[in-house]
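Presented below is the structure to which this report refers.
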Amino acid sequence: QVQLVESGGGLVQPGGSLRLSCAASGFTLDYYAIGWFRQAPGKEREGVSCISSSDGSTYYADSVKGRFTISRDNAKNTVYLQMNSLKPEDTAVYYCATELGSCYLRVKGMDYWGKGTLVTVSS
């Protein structure tokens, strides 16, 4: 069965770091772009970052640019999101999702979704 499972979320102080993982099972990630989204309480889900399937090109939302880094390890069928210099505004449930080929990072255009992992940035 096709599954995406996020892990690595938790409670962290402002300025701290976390690394999120997105592990795929039931299929391989080779032909998919992988996107990270987040959703805070009462707000719409928004795209955070993505990495393409072909040349590994990346995209970052302005709100996280310079602080977050996305990477993929196809041998482990896993995508990572390294989050540094975390701010309270980063608090949200983080989701990974797939789409064929290139990064468009549109909620309605994604094929498979994980169930999310909660990141809380607070002192």
Side-chain angles (χ1 to χ4, degrees):
Q1 187 175 12
V2 172
Q3 277 193 305
L4 292 171
V5 179
E6 303 94 337
S7 63
L11 175 64
V12 64
Q13 294 183 348
S17 298
L18 285 173
R19 188 177 75 156
L20 305 184
S21 297
C22 174
S25 61
F27 72 108
T28 60
L29 296 175
D30 298 45
Y31 295 98
Y32 290 91
I34 310 298
W36 284 96
F37 296 77
R38 66 186 183 187
Q39 188 167 22
K43 295 186 177 181
E44 297 293 320
R45 192 171 300 184
E46 63 175 355
V48 175
S49 182
C50 72
I51 185 166
S52 70
S53 63
S54 55
D55 60 2
S57 60
T58 58
Y59 164 84
Y60 300 94
D62 288 341
S63 59
V64 306
K65 196 171 299 181
R67 299 188 297 120
F68 291 10
T69 303
I70 191 171
S71 61
R72 67 190 299 159
D73 187 342
N74 286 349
K76 296 182 178 179
N77 223 22
T78 300
V79 173
Y80 305 96
L81 185 68
Q82 179 67 46
M83 307 186 297
N84 299 325
S85 302
L86 284 163
K87 305 174 180 179
E89 306 94 276
D90 297 317
T91 296
V93 176
Y94 283 72
Y95 302 88
C96 65
T98 66
E99 61 182 324
L100 285 173
S102 301
C103 291
Y104 292 95
L105 206 61
R106 299 168 183 170
V107 172
K108 293 190 292 185
M110 310 305 288
D111 300 302
Y112 302 109
W113 290 86
K115 295 187 181 299
T117 184
L118 177 63
V119 172
T120 303
V121 185
S122 177
S123 59

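Computed from heavy atoms alone, side chains included, the values below leave out hydrogens, waters and symmetry copies.
Residues forming a ring-ring contact (aromatic ring centres under 6.0 Å, His included) with Tyr59 (at least two apart in sequence, or on another chain): none.
For Arg45 and Phe37, the positive end is not near the middle of the six-membered ring at less than 6.0 Å and at most 45° from its axis.
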Full working for side chain to side chain donor-acceptor pair (under 3.5 Å) between Ser17 and Asn84: CA-CA 4 Å; Ser17 298; Asn84 299 325; 2.9 Å; yes
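Counting only heavy atoms from C-beta outward, the side chains of Leu20 and Tyr95 never approach each other to under 4.5 Å. Between Ser49 and Leu81 there is a side-chain heavy-atom pair separated by less than 4.5 Å. Contact check for Leu100 versus Asp111: side-chain heavy atoms found under the 4.5 Å cut-off. Between Thr91 and Val119, the closest side-chain pair of non-hydrogen atoms is not below 4.5 Å.
In this structure, SG on Cys22 lies 5.5 Å from CD on Glu6, to the nearest 0.5 angstrom.
With salt bridges taken as basic N to acidic carboxylate O contacts below 4.0 Å, one links Glu46 and Arg38. Taking the charged nitrogens against the carboxylate oxygens, Lys87 and Asp90 have no contact shorter than 4.0 Å, which rules out a salt bridge.
The neighbour count for Tyr104 OH, taken as heavy atoms of other residues, nucleotides or ligands under 6.0 Å away, does not exceed 12.
Here the shortest heavy-atom pairing between Cys103 and Ser52 reads SG-N, 3.5 Å.
Tyr32 and Phe27 have perpendicular rings, their planes meeting at more than 60° on a 0 to 90° scale where under 30° would count as parallel.
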